[in-house]
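Since this is a predicted model, take the numbers as computed values, not measurements.
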Amino acid sequence: MAQLLRWYNRILVAHPWKTQLFTTGFLMATSDVIAQTAIEKRKVNEIEPLRIGRFAFLGTFFVAPILRTWYNVLEKTMGTVGKTVGLRKMVPDQLLFTPFFLGCFLTVSGLLQLQPWSVIKVKINEEYFEVLKTNYMLWPAAQLITFYVIPLQYRIIFVSFVALLWNTYLASQANCSYSEPKA
């Protein structure tokens with residue numbers, strides 16, 4: 001395990017942006033595989049590769065860039081030292097960023113599934129507050145650990161591993177079938 005961490009650190013130092021993008025995409029794809037097999041009880045031959053690809057794409061080109069930018073903003077605006085620095089970062093993260101990000105995530109996920117806007121709106125109306133409530137059961141504690149303990153360059157990988165469970169839940173929620181609302 002130590003060798004793997006040293007290898008990851010070398011790549012992270014050499015290519016921080018690419019490494020964080022790829023890692024998040026890979027872990028989100030893994031989350032979708034877990035969602036399909038463990039939650040939805042699909043057999044291996046029933047797994048949807050396109051769905052895994054969408055989740056990998058979402059992680060690589062949506063989640064990772066936004067998180068990286070957000071963590072850098074928090075670092076610059078809230079500082080890096082002090083007994084309350086973690087709390088000062090977690091509060092805006094959970095009260096400002098998370099509600100906005102979850103809405104965007106559900107929207108982008110629906111768009112990647114080529115769902116019509118009417119279906120995406122129904123999905124958001126039916127799921128948003130449940131997903132947000134579930135978020136608050138996991139992420140405030142995880143983010144306190146992130147902001148107090150984890151160095152900035154490792155935050156995305158740490159959060160991505162915590163997010164294996166969270167993204168498994170999100171994958172199952174984001175891929176529920178909805179039909180068009182009746183006129």
[atom2] on [Y] to [atom1] on [X], rounded to 0.5 Å:
X: F105; Y: L102; atom1: CZ; atom2: CG; value: 8.5 Å
X: L132; Y: E130; atom1: CG; atom2: CD; value: 10.0 Å
X: I157; Y: L27; atom1: CD1; atom2: CG; value: 5.5 Å
X: L111; Y: I120; atom1: CG; atom2: CD1; value: 4.0 Å
X: R10; Y: T19; atom1: CZ; atom2: OG1; value: 12.0 Å
X: F147; Y: L152; atom1: CZ; atom2: CG; value: 9.5 Å

Q) For Y136, does the OH atom have more than 12 heavy-atom neighbours from other residues, nucleotides or ligands under 6.0 Å away? A) yes
Check your understanding: In terms of heavy-atom contacts, does CZ of F129 have more than 12 from other residues, nucleotides or ligands at under 6.0 Å?
Key -> no
Show every donor-acceptor pair shorter than 3.5 Å between a side-chain atom in residues 73-83 and any protein atom, with sequence neighbours excluded, or say none if there are none.
{"residue": "E75", "atom": "OE1", "partner": "K89", "partner atom": "NZ", "Å": "2.6"}
{"residue": "E75", "atom": "OE1", "partner": "R155", "partner atom": "NH1", "Å": "2.6"}
{"residue": "T77", "atom": "OG1", "partner": "V73", "partner atom": "O", "Å": "2.8"}

Transitively linked via ILVMFWY side-chain contacts under 4.5 Å: [X] with [Y]?
X: L21; Y: Y71; value: no
X: F26; Y: F61; value: yes
X: L165; Y: I156; value: no
X: W70; Y: V91; value: yes
X: V119; Y: L114; value: no

Side chains of Q3 and W7: closer than 4.5 Å at any heavy-atom pair?
-> no
Exercise. Side-chain contact, heavy-atom cut-off 4.5 Å: V159 with T24?
Worked result: no
Considering all heavy atoms of both residues, which atom of [X] and which atom of [Y] are nearest to each other, and what is their separation?
X: P16; Y: V13; result: CD-O, 3.7 Å
X: Y148; Y: V85; result: OH-N, 4.2 Å
X: A163; Y: S31; result: O-OG, 3.9 Å
X: P99; Y: Q94; result: CD-O, 3.3 Å

| message | Quick one about T23 and Q20 (side-chain donor to acceptor, distance below 3.5 Å, no hydrogens or angles considered), yes or no? | response | no
Using atom types as modelled and distance alone, determine if a side-chain donor or acceptor of [X] lies under 3.5 Å from a backbone N or O of [Y].
X: N9; Y: L5; result: no
X: N135; Y: V131; result: no
X: T60; Y: F22; result: no
X: Q36; Y: E48; result: yes

Applying side-chain contact (heavy atoms from CB on, under 4.5 Å) to I145 and not counting sequence neighbours gives V149, F158
Ring centers of F62, F57 separated by less than 6.0 Å
no
Inset, instruction - List the steps and the verdict of side chain to side chain contact (heavy atoms under 4.5 Å, CB included) for R68 and N72. - result: CA-CA 6 Å; R68 187 173 199 270; N72 284 331; 4.1 Å; yes
Is there a side chain to side chain contact (heavy atoms under 4.5 Å, CB included) between T134 and L138 once you walk through the steps? CA-CA 7 Å; T134 305; L138 169 67; over 6 Å; no
Task: F101 and F97 aromatic ring geometry - parallel, tilted or perpendicular at 30°/60° bounds - done: parallel
Exercise for the section: For I39 and I34, run side chain to side chain contact (heavy atoms under 4.5 Å, CB included): C-alpha distance rounded to whole Å, both residues' side-chain angles, the deciding distance at 0.1 Å, then the answer. Expected result: CA-CA 7 Å; I39 294 175; I34 294 168; 5.8 Å; no
